[in-house]
J.: 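Questions regarding the structure given below will be posed in turn.
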Amino acid sequence: MFKVSEIGGILVSIMYEFTHQAEIRSLSDEAISAAAKALMKGLLVAFPTETVYGLGADAFNGAALARIFEVKERPRFDPLIVHIAGIDALERVADLAALDQAAREHVDALIQRLWPGPLTLILPKQPSIPDLATAGLPTVAVRFPDHPAAQQLIRRSSGAIAAPSANRFGCLSPTRAEHVQEQLGDRIAMILDGGRTGIGVESTVLDLSSCRPRILRPGGTSRECIEAVIGAVHTESLQLSDPCSPGQLKSHYAPRTVLTLHHREEMIVLPYGESEGYLFFDGKSRDAWYRASKPGDAPWIRTLSETGNMTEAAANFFDLLHELDKSGCSAIRGEQAPEEGLGSAINDRLSRAAAAK
Ligand code: AMP
Ligand code: MG
């Protein structure tokens with residue numbers, strides 16, 4: 001589940017945080033190659049796009065994705081946009097075969113006419129994209145940025161870079177490398193300086209995963225532009241009474257199984273319920289619970305991080321919650337994470353999952 005190479009990545013990242021200021025490099029062939037190498041090691045790199053500067057991580061590396069939330073101090077796990085550098089790369093991240101014929105035609109027309117550019121498409125995801133990139137949703141947001149340095153960086157790394165805007169939570173989106181330096185300079189490996197970004201507003205987010213195309217966020221590609229390619233699109237939010245697949249547009253993943261939250265002290269003394277699933281924060285509380293509750297070889301016990309490493313816990317969070325949700329257990333008991341750093345994002349997601357019923 002959590003690969004040794006990813007744990008290595010976490011250690012390298014943490015060492016960076018304590019020992020480095022981000023290297024700011026003007027755009028050059030060598031700088032882009034060095035940035036691509038850093039990404040492949042699981043480090044974070046800020047890079048220019050035609051909209052704003054992005055805070056990039058390898059989209060296939062769960063631990064690197066967890067670091068994005070950590071360095072931005074995002075109190076929530078929101079889905080990230082996965083950046084690719086060519087139409088041919090789309091099927092590595094999105095499962096186009098899962099679309100119906102009409103949606104497939106829309107995708108083809110839009111990417112031919114409007115990519116590269118500030119248009120993000122929401123599409124069914126490929127299993128290789130970690131849940132942390134999509135906040136547990138079955139769909140992935142994909143964009144092909146219209147910026148030569150961004151494209152080269154993506155091509156020279158894994159081919160898919162997840163990136164939100166490179167600012168701390170609640171701060172303005174950065175349109176210059178100096179803005180990134182001020183906010184994140186002490187916590188990331190490198191900033192590629194491409195001068196001022198052109199558009200300065202974020203990409204338009206268009207959902208093509210449900211049966212009617214819908215703009216979820218207006219941005220750098222106008223509605224008129226999109227409609228000129230695929231005809232009318234919706235912008236109003238989906239009503240539950242809508243006959244068109246209600247529920248598909250849920251903005252966050254919620255388990256179908258009832259989830260109850262417990263503080264650590266409460267969790268470790270819970271009596272064992274035979275058909276229940278348990279999601280522990282670390283090995284310490286799980287072991288304490290085993291000693292107190294003697295569950296035998298209970299099948300549905302999961303632990304976010306054996307050692308209580310917060311980045312690892314965040315990287316495993318959605319996978320394990322999905323696993324328990326699908327296991328057939330009658331209810332899930334979830335332990336709250338310590339309320340610090342990424343723990344707040346884990347707790348936010350747990351409490352929303354618990355409130356969903
Ligand atoms: P940003 O944080 O500026 O990169 O914005 C990403 C935007 O894309 C946010 O508005 C997200 O809610 C939206 N988004 C990303 N992935 C999805 C998805 N799978 N479904 C719906 N919206 C998404
Ligand atoms: Mg942002």
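In what follows, every heavy atom counts, from backbone to side chain, and hydrogens, waters and symmetry copies are set aside. Numbering of ligands and ligand atoms starts at 1, following listing order.
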J.: Under a 3.5 Å cutoff, is there a donor and acceptor pairing between the side chains of N347 and S344?
T.: no
J.: With backbone taken as N, CA, C and O and side chain as the heavy atoms from C-beta onward, which portion of D78 lies under 4.0 Å from ligand 1: side chain, backbone, both, or neither?
T.: neither
J.: Is it the case that more than 12 heavy atoms not belonging to I87 sit under 6.0 Å from its CD1 atom?
T.: yes
J.: Numbering the atoms of ligand 1 from 1, which are under 4.0 Å from a heavy atom of P164?
T.: 4 (O)
J.: For R286 and E335: C-alpha separation, side-chain torsions, deciding distance, then whether side-chain contact (heavy atoms from CB on, under 4.5 Å) applies.
T.: CA-CA 10 Å; R286 182 205 53 225; E335 178 187 356; over 6 Å; no
J.: Can you list the ligand 1 atoms lying under 4.0 Å from a non-hydrogen atom of T139?
T.: 18 (C), 19 (N), 20 (N)
J.: Only heavy atoms count here, so choose which of L137, L80, N167 is nearest to atom 20 (N) of ligand 1.
T.: L137
J.: Hey, does T134 come in under 3.5 Å of ligand 1, counting only N/O atoms on both sides?
T.: no
J.: Within a strict 4.5 Å, meaning less than it, do heavy atoms of the E73 and R187 side chains meet?
T.: yes
J.: Looking at CG of L216 and CG of L206, how far apart are the two atoms once the value is rounded to the nearest 0.5 Å?
T.: 7.5 Å
J.: If the contact criterion is a heavy-atom separation under 4.0 Å, does R74 count as touching ligand 1?
T.: yes
J.: Check this for me: R113, atom CZ, are more than 12 non-hydrogen atoms of other residues, nucleotides or ligands nearer than 6.0 Å?
T.: no
J.: For E266, look at atom CD and say whether over 12 heavy atoms of other residues, nucleotides or ligands are found less than 6.0 Å away.
T.: yes
J.: Nearest heavy-atom pair of P145 and P116: which atoms, and what distance?
T.: O-CB, 3.6 Å
J.: Hey, which atoms in ligand 1 end up nearer than 4.0 Å to a heavy atom of E202?
T.: 3 (O)
J.: For I81, which part has a heavy atom under 4.0 Å from ligand 1: side chain, backbone, both, or neither?
T.: side chain
J.: For L216, take its heavy atoms, then give the atoms of ligand 1 lying under 4.0 Å from any of them.
T.: 21 (C), 22 (N)
J.: Below the 3.5 angstrom mark, is there an N/O of S165, backbone or side chain, next to an N/O of ligand 1?
T.: no
J.: Taking only heavy atoms of V205, which atoms of ligand 1 are found under 4.0 Å from at least one of them?
T.: 8 (O)
